[in-house]
Amino acid sequence: MNEKKEVGEKAVEYVKDGMVVGLGTGSTVFYTITKLGQLVQQGLSIKGVPTSEQTRQLAIELGIPLASFAEIEHIDVAIDGADEVDPKLNLIKGGGGALLREKIIAAAAKNFIVVADSDKNVETLGTFPLPIEVVPFGYEMTVKHIRELGGSPKLRQKDGKTYLTDNGNYIIDSSFHKIKHPRELEKNLNLIPGVVDNGLFVGMADCVISMKDKKLTTMVRS
């Protein structure tokens, strides 16, 4: 967990006084949010926009002021984790089930910073099953369409029940093996009726903070 803490806290350097900050979800960005909470107690003035109810509760506990989209014009910086990162900084996200809110917030941010421990760095996306958020109605047909695109879809379960996102939707976790054309797959999945969005974040990350050879490294999108 040391690596996650180092990576997560490094991202705090991108946050300045007066900023609106997108607060991600996951075990690495947990340390970012915790550090931000400490800085808020020391006088840092920010407003947070959480990507999940879990993050909302954490921010409240830490005393980080929150804002809704109705109250803000933009997000200065969003900081979030990833399940996989390729050399072009394309991502798979959604292991925590918050991909839709994460993508909305990342798209609204002037600067999208990703924190990821070294295990998340891959040459080609696809080892981690791709999360796809779908509406419950007719999900069986949605699954068939995902399969037609080459996926091996599986309805996410938790505690013996169908997993529900914060938006009341289902998550389909689908293996695509090696995803050589992530932008094309992202588009084709989102064209399926019933798919709300998927966990491919293509060309969205501005930089990724990670570890290489036990040293912090920052990769910037070219």
Inset, instruction - Apply side chain to side chain contact (heavy atoms under 4.5 Å, CB included) to V134 and V196, showing your working. - result: CA-CA 5 Å; V134 306; V196 183; 5.6 Å; no
Have [X] and [Y] got a donor and an acceptor in their side chains that come within less than 3.5 Å?
X    : Y    : result
K178 : T124 : no
E133 : N167 : yes
D117 : S210 : no
T25  : S52  : yes
N111 : D76  : no

Carboxylate-amine/guanidinium contact [X] [Y], below 4.0 Å:
X    : Y    : answer
E9   : K35  : no
E184 : K187 : no
D173 : R156 : yes
D80  : K93  : yes

Note, [X] side chain near [Y] side chain (heavy atom, < 4.5 Å):
X    : Y    : result
L216 : M211 : yes
T218 : V220 : yes
I105 : F69  : yes
V20  : H74  : no
I60  : L66  : yes
V15  : L36  : yes
L155 : I172 : yes
I75  : V21  : no

If only atom types and distance count, is the side chain of [X] paired as donor or acceptor with the main-chain N or O of [Y] below 3.5 Å?
X    : Y    : value
E123 : D86  : no
R101 : D166 : yes
T55  : G24  : yes
T32  : G8   : yes
N198 : L200 : yes

Inset, instruction - Tell me whether the guanidinium CZ or amine NZ of K103 lies under 6.0 angstrom from the six-membered ring centre of F201 and within 45° of its axis. - result: yes
Legend entry - Matching residue for S118 among K214, E3, K212 - test: side-chain hydrogen bond (donor to acceptor under 3.5 Å, both in side chains): E3
Inset, instruction - Using a cut-off of 6.0 Å, state whether more than 12 heavy atoms not belonging to E71 lie near its atom CD. - result: yes
Legend entry - E73 atom CD: more than 12 heavy-atom contacts under 6.0 Å: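 No, not enclosed.
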I need the minimum non-hydrogen distance between [X] and [Y], along with the two atoms involved.
X    : Y    : answer
I92  : P131 : CG2-CD, 3.9 Å
M204 : A106 : CE-CB, 3.8 Å
I64  : I33  : CD1-O, 3.7 Å
Y14  : C207 : OH-SG, 3.6 Å
D206 : K110 : OD2-O, 3.9 Å

Legend entry - CA sep, side-chain torsions, deciding dist, call: I146, I192, side chain to side chain contact (heavy atoms under 4.5 Å, CB included): CA-CA 8 Å; I146 293 170; I192 296 173; 4.0 Å; yes
Inset, instruction - Go through the steps to decide whether V115 and K10 satisfy the test side chain to side chain contact (heavy atoms under 4.5 Å, CB included), and finish with yes or no. - result: CA-CA 9 Å; V115 290; K10 178 67 175 178; over 6 Å; no
Side-chain donor-acceptor pairs of residues 38-50 under 3.5 Å, sequence neighbours excluded:
residue : atom : partner : partner atom : Å
Q41     : NE2  : L62     : O            : 3.2

Inset, instruction - Please identify each residue that fulfils side chain to side chain donor-acceptor pair (under 3.5 Å) with S174, with sequence neighbours left out. - result: none
